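Both ligands and their constituent atoms are indexed starting at 1 by order of listing. As the structure is a prediction and not an experimental result, all values here were calculated from the model.
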Amino acid sequence: MIKTFLKQQSGPMTEELVQEPGAFGLGKVPRRLRPAATTTSICGYCATGCQLKLHLDDDGQAINLSPQAGYPVNLGMACPKGWQALDPLEADDRGTTPLLRDADGRLRPTDWGTALDTFVDRFRAIRQEHGPDSAAFLSTGQIPFEEMAFLGCLWKFGMGFRHGDANTRQCMATAVTAYKQSFGFDAPPYTYADLEESDVIVLVGSNLCIAHPILWQRIMRNPRDPRIIVIDPRATETAQAATQHLQLRPKGDLPLYHALAHCILRDGRIDRGSIERTEGFEEFAGFVKDYPPESVAEATGIPAETIEELARTVSEPGKRVSWWWTMGVNQSHEGVRTAQAIINLCLVTGNLGKPGTGPNSITGQCNAMGSRLFSNTTSLVGGHDFANDEHRAKVSEMLGVPLERIPTQPTIAYDEILRAAEQGRIKALWIVATNPFHSWIDSGRLEALRDKLDFLVVQDMYHSTESARVADLFLPAAGWGEKSGCFINSERRIAPIRPVRRAPGQTLSDFRIFRLIANAWGCGEMFAGWTDPEAAFRILRDLTAGRPCDITGIEGYDHLDREGGIQWPLGKADPQALKAASRTVEAGSKPALHRRLFDDGEYYTPSGKARILFSPPARMPEEPDDEYPLLLLTGRGTSSQWHTQTRTGKSDILGKLYPSGAYVEIHPRDARRLGVVANQLLTIRSRRGEMVATAYIAPTVQPGQLFLPMHYAEVNQLTHPSFDPHSRQPNYKACAVAIVA
Ligand SMILES: Nc1nc2c(c(=O)[nH]1)N[C@H]1C(S)=C(S)[C@@H](COP(=O)(O)OP(=O)(O)OC[C@H]3O[C@@H](n4cnc5c(=O)[nH]c(N)nc54)[C@H](O)[C@@H]3O)O[C@H]1N2
Ligand SMILES: Nc1nc2c(c(=O)[nH]1)N[C@H]1C(S)=C(S)[C@@H](COP(=O)(O)OP(=O)(O)OC[C@H]3O[C@@H](n4cnc5c(=O)[nH]c(N)nc54)[C@H](O)[C@@H]3O)O[C@H]1N2
Ligand code: SF4
Ligand SMILES: [Mo]
C-alpha cells in the first residue's frame, strides 16, 4: 500500500493534473483521483454470493471495494465482512513459504522443491505400505470449484487414494442427503427472488440477520407484506425482527412438522395435483395420524393451539409459502428427516416450483454448492454417482482417466475418516482450506489423534491456525482476492472471482499447488488440459452434460459476467434456458434472470416423482441430567465474525464490531438461581472438556439452555460427537453442560 501511495505521489505533475475535457463545471473529477480500473469478484465468505466491485490502482492492485449495484444477488448491498474483504490479505501471520517440521519438532521455512518432494515421498510411501485407504484429505466449501475438483480428481484418479471429505459435511450434508433422497438429486429448488415473492416466510433454525444479512435485506424488499415466522429455540436477532417467533424446545422440529402435516391432512388443506407427483403419500397420511398437536406439545414446547394456527397459515389456499432452513435443521441427530418433513409439507400443500414457495436449504460457505457438485467426495465429479457404471465410464472418457482409477464407492464420511485415524488405519491427512482443530465436533479428540498420524499436511493462507500449528508440512496458499475461479451460491448461481492482489512471498494459489503436486507425483499428463482455472472450468462444464446440473450452455467466465452469474442448469440443448440467460440485468432493477426448479412437477427420481420420506423422532443423543443440567446451543455470533476467525480476526474494523472474548448467553432466571452476575467469568464443562466465557445474561436463550458462538476454539472441546445417521452431519447444536464454580 505504501509503495502504491508513493508511486502515485511521484508521478509527473503535468500528467497528474490533466483533466477530462469539459471537466470544469460538469462535476467531473481529475483523472488521477480515479482508480485506474475496476473489476468484479464474488465475496469469499458466505453463500449469499454478493458481487463486489474492486477499485484497482495502475498496478492492478485493489485499493478498496464497494458492493456492485446492478448484481441480481446483493443489489448494491454488502455486509461488514464483504466491505472489509481485503483486510485479511495483509495479516502478519500469512504463510509466505512452505514450512517443514524438523528433527527438533519445529516448523521451519523450506523451499517449494523440498516441500513437494516431501509431500510426494511421504504419501507415496504410505500408499505403498498401507494401500489406497490409508490417507485422506479434508477440504472445504470456500475455494473455487475448479480448485475443489482438481483436488478431488488429483487425489483419487491421479494419486490413487480413495477417501477425502470436505467441511461441507459439517454444514450441508443433511440438505444434500435430504434432497437426493426426496428429489433424486441434490437440487435446492429456489431463487432469491422467492424471498420477495412469498406471502409467508418460515425460517427454521436460520439466523438470517447474522448469517446471511443480505438475504434478510431481500426479505425486507418483499412488497407483499409477508408474514415472517421464525422457528428457533433462541430469540435470535432474526426472531426478534420477525412477525412471529416459535421458541421451540431444541430438537422439537420433527414432531412439530409431523403435527403440522397431521392438521393439514385432517382438514384437507392439500394440493391434489402436487400430491400426484409424489410417492409414499398414503403411508405418510397414515403415519401422521399419530401426531395430533396436543401429543407433541411437550416435545416441541409449543401449545396445541399455536400448532393449529401455524398449520392453517402454511396451508392457506392461494398463499405462497416458502420454508428456509439452515444449521438449526442440518446440524442435528435427525437433520435429514427434519429437512424432509419440511419438504413433505411443501409437497402436500403444493408449495414447490412456483414463485415465492419451496423447501429451501440456505447454504453456508461461498462455494458450498460448488463443493457439493464438483469435489469428488460423496458424488463423482460433475454431479455423478460413483456407484453408477455409466457415470464412471463417462467421467473416464471425458477426463481421460483410466476406468479402474475411478472408485466404485464414495468416500467414507469425515467422522469415519477421523475414527480410522484414531484406530491407526488412516496414517496421513491433507487438510486444505479448513481448520478442523477448531471447528470439528469434540475437537479434543483431534488433538489426541494428531499423535497417531504419521504425516499431516495443512494448506492454508495462515501458518497460525489451530490446524496449521500442528502440521508436519505447511503449504502457503493464496486466498480470495489473489486468484481466480468460480463460486456457486445458495440459489445455484455460478459466478467468477478475480485476482486483485499479488499473493505474498512464495504463496501459490491452490490451483497451482495442485498442478505442482500432479507433476511431482508423476500424473501431470492426466491434468495436462487443466492449465488454469478457466481451462478447468471448460472441462468440468462439458462433464455436466445431461446431468440435472448441466451447465454446457455457459460459454466461459465472460458469459457469466455478462449475465450477472448464471444459475444451473443451463444446458446447451435448452433454448428456453439460454433465452432466459441472455436477458440482461438492468442496474438497480429487479433481477431479470432467475430460475427455480420443478415448475413442471418433474423430479430427478427414476419415476419422475418426489418421494415422501419420514421417520418417528429419535431421542436427543445427550440430554441434560443431574450432573450436566444445561443444554448447550452453538452457532454464529455476529455478522462480523467468520467461523474460526482466521480471516475476520485480522480486520481491525471488524474487530470493533464484536466482543473480543468468548461470551455465553444465559437466561436471567438461571443466572439468579446460580448467583451469576453480568460479565462474570464462568467455567462451562461438558463430559469432554471445559472452557471459560463471560456471562451475558439475556432472555435470548430459554431457561435451562446456554448459547456459545462457535468462533472461539474451546467451544468444540465441549460438543458431543453425535451424527445424523443418513448424512453423518455432526449434531453441533445440542449437548449437556454444567456451569462449575
Ligand atoms: N457472520 C457469519 N455468517 C455466516 C457464517 C459465519 O461464520 N459468520 N457462516 C456461514 C456458514 S458456513 C453457515 S453454515 C451459515 C449458518 O447459518 P445459520 O444456520 O443461520 O447459523 P447458526 O447460528 O449456526 O444456526 C442457526 C440457528 O439454529 C438454531 N437452532 C439450534 N438448535 C435448533 C433446533 O433444534 N431447531 C431449530 N429450529 N433451530 C435450532 C440456533 O439457535 C441458531 O439461531 O452461516 C453462514 N454465514
Ligand atoms: N460448535 C460449532 N461448530 C461448528 C459449527 C457450529 O455451528 N457450531 N458450524 C460448522 C460449520 S457449518 C462450518 S461450515 C465449519 C467451518 O469450519 P472451518 O472450515 O474449519 O472454518 P474456517 O475458519 O472457515 O476455515 C477455513 C480455513 O481455510 C483457510 N482459507 C481461506 N481461504 C483459503 C484458500 O483460498 N485456500 C486455502 N488453502 N486456505 C484458505 C482459512 O485461513 C481457514 O483456516 O464449522 C463447523 N463447526
Ligand atoms: S452477505 Fe455474505 S456474500 Fe454478502 S457481503 Fe456478507 S459475507 Fe459476503
Ligand atoms: Mo457452514
Ligand 1 versus Cys171: contacting region, heavy-atom distance under 4.0 Å: side chain

Pair Tyr45 + Trp83: ring centers closer than 6.0 Å: no

Cation-pi geometry met for Arg218 and Tyr192 (6.0 Å, 45°): no

Modelled atom types, side-chain donor and acceptor of Thr638 and Ser640, under 3.5 Å: no

Sub-3.5 Å N/O-N/O distance, Ile210 and ligand 1: yes

Ion pair check, Glu714 and Arg688, cut-off under 4.0 Å: no

Salt bridge (Lys or Arg N to Asp or Glu O under 4.0 Å): pairs with one or both residues in residues 696-709, sequence neighbours excluded: none

Those atoms of ligand 1 less than 4.0 Å from some heavy atom in Arg234: 42 (O), 44 (O)

Contacts of Ser727 that satisfy side chain to side chain donor-acceptor pair (under 3.5 Å) - sequence neighbours left out: Thr174, Asp724

Any N or O of Gln365 closer than 3.5 Å to N or O of ligand 1: no

Distance filter under 4.0 Å to Ser639 heavy atoms, resulting ligand 1 atoms: 1 (N)

Contacting atoms of ligand 1, where contact means under 4.0 angstrom from a heavy atom of Val204: 38 (N)

Gln641, portion touching ligand 1 at heavy-atom distance under 4.0 Å: backbone

Glu298 and Arg249 ion-paired at < 4.0 Å: yes

Met710 touching ligand 1 at heavy-atom level, < 4.0 angstrom: no

Option whose closest heavy atom lies nearest to atom 39 (N) of ligand 1, chosen from Cys79, Ala368, Gly205: Gly205

Ligand 1 N/O within reach of Pro250 N/O, cut-off under 3.5 Å: no

Contact check, Thr638 vs ligand 1, heavy-atom distance below 4.0 Å: yes

N or O contact, Thr326 vs ligand 1, cut-off under 3.5 Å: no

Salt bridge Glu482-Arg498, side-chain N to carboxylate O under 4.0 Å: no

Within less than 2.8 Å of atom 2 (Fe) of ligand 3: protein N, O or S atom count: 1

Any Lys81 heavy atom less than 4.0 Å to ligand 1: yes

Close approach of Ser332 to ligand 1, heavy atoms, under 4.0 angstrom: no

Nearest option to atom 33 (C) of ligand 1, as decided by whichever heavy atom of Glu334, Lys733, Gln705, Lys251 sits closest: Lys251

Under-4.0 Å salt bridge between Lys180 and Asp186: no

Within residues 250-262 or reaching into it, pairs that qualify as side-chain hydrogen bond (donor to acceptor under 3.5 Å, both in side chains) - sequence neighbours excluded: Asp253-Tyr257

His711: numbered ligand 1 atoms lying under 4.0 Å from its heavy atoms: 7 (O)

Ligand 1 to Leu208 polar contact by distance, N or O atoms, under 3.5 Å: no

N/O separation below 3.5 Å, His643 to ligand 1: yes

Region of Asp253 engaging ligand 1 - heavy atom pairs below 4.0 Å: side chain

